[in-house]
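Take a look at the structure below.
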Amino acid sequence: MKIICVGRNYMKHAAEMNNPVPQIPLIFLKPDSAILKKNKPFFLPDFSNDLQFEAELVLRISRLGKGIRKGYAHRYFDAITVGIDFTARDLQKKFSLAGEPWDLSKTFDGSAPLGEFISKEKLRDLSDISFYLDVNGERRQTGNSSEMIFSFGDIIAYASRFYTLKTGDLIFTGTPAGVGPVKKGDNLIAFLEGQKVLDFFVR
Ligand code: MG
């Protein structure tokens, strides 16, 4: 399976990173070895001194598809959760300044903690899904699918021009403003429509 990720999909996050608002989705992939499930702890890697959280809505692909039209995109995922797109910000900046691919800063082992999926049918409106992230009991990020620059349909239509989507693939749909660093001992808890879906510690 593969994990398709979208960068800069919220206006305020693009602004806080001093990045321009993209005209087309910015896509990158994480390998399956990035996934952390069942609230397992995240171990800080030794190659970064600025490891940052990015809470994101994550779609679970439930059908094979290629060249999917936007209007049919909702048929290709069956569940949603919140995941963290962990980013070694110092490495990402270093690679970006050098004009090099920054994959390593976002795709390392454990860089994709994944919450418990909630069936799409249980959500009343896919274009109005709220989520938030608490770190040590303090609200750090809040987002809503209505604030995304590229909707679920836009992302699926665009990505499936390049990649065949397969059952079990995941799509990380981008992070809202408020990203920040983690340190050993931090407790990250994420909620989707008020329901806790993810709860883990940084070790
Ligand atoms: Mg991200």
Side-chain angles (χ1 to χ4, degrees), residues 1-37 42 44-45 47-48 50-61 77 80-96 100-115 129-135 139-152 154-156 158-159 162-163 169-182 186 188-192 197-198 200 202:
M1 58 83 67
K2 58 188 168 298
I3 307 168
I4 297 170
C5 304
V6 182
R8 298 174 204 164
N9 202 19
Y10 291 79
M11 295 283 189
K12 285 178 191 161
H13 174 60
E16 76 178 346
M17 303 303 291
N18 290 315
N19 286 319
V21 173
Q23 301 301 306
I24 51 170
L26 189 163
I27 303 280
F28 62 96
L29 298 185
K30 289 181 191 257
D32 57 3
S33 46
I35 295 175
L36 263 189
K37 280 184 182 167
F42 170 76
L44 284 172
F47 48 74
S48 175
D50 188 14
L51 214 292
Q52 299 200 354
F53 57 79
E54 296 187 357
E56 313 197 355
L57 290 173
V58 181
L59 309 180
R60 183 174 71 191
I61 298 299
F77 62 96
I80 304 178
T81 190
V82 179
I84 308 293
D85 169 20
F86 269 131
T87 303
R89 197 70 72 198
D90 45 357
L91 283 189
Q92 187 189 32
K93 283 179 185 156
K94 198 180 91 181
F95 290 135
S96 295
E100 293 166 358
W102 40 251
D103 300 53
L104 288 177
S105 70
K106 278 180 168 286
T107 62
F108 51 88
D109 286 356
S111 61
L114 205 56
I129 300 173
S130 69
F131 65 106
Y132 50 84
L133 174 73
D134 290 352
V135 181
R139 189 124 323 155
R140 298 294 298 275
Q141 287 191 281
T142 58
N144 190 293
S145 58
S146 65
E147 300 161 355
M148 300 194 310
I149 298 168
F150 301 105
S151 67
F152 297 151
D154 291 327
I155 296 166
I156 287 172
Y158 183 73
F162 299 85
Y163 301 119
D169 286 350
L170 302 173
I171 301 183
F172 277 63
T173 59
T175 197
V179 301
V182 290
D186 282 350
L188 278 68
I189 304 184
F191 297 79
L192 180 95
V197 289
L198 180 64
F200 69 100
V202 176

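A quick note: this is a predicted structure, and the numbers were derived from the prediction, not measured. Remember, it's 1-based here, ligands and their atoms both numbered in the order they're listed.
Restricting Glu54 to its N, O or S atoms, the one at the least distance from the Mg ion (ligand 1) is OE1. Checked against the Mg ion (ligand 1), the N, O or S atom of Asp85 at the shortest distance is OD2. Summary: OE2 is the N/O/S atom of Glu56 found nearest to the Mg ion (ligand 1).
Of the residues Phe95, Tyr163, Phe172, Trp102, the one that meets the ring-ring contact (aromatic ring centres under 6.0 Å, His included) test with Phe28 is Trp102.
Taking 4.0 Å as the cut-off between side-chain N and carboxylate O, Lys106 and Glu54 count as a salt-bridged pair.
Annotation: Gln23, atom CD; neighbour count of heavy atoms from other residues, nucleotides and ligands within 6.0 Å does not exceed 12. In Met11, the CE atom is not crowded: 12 or fewer heavy atoms of neighbouring residues, nucleotides or ligands sit closer than 6.0 Å.
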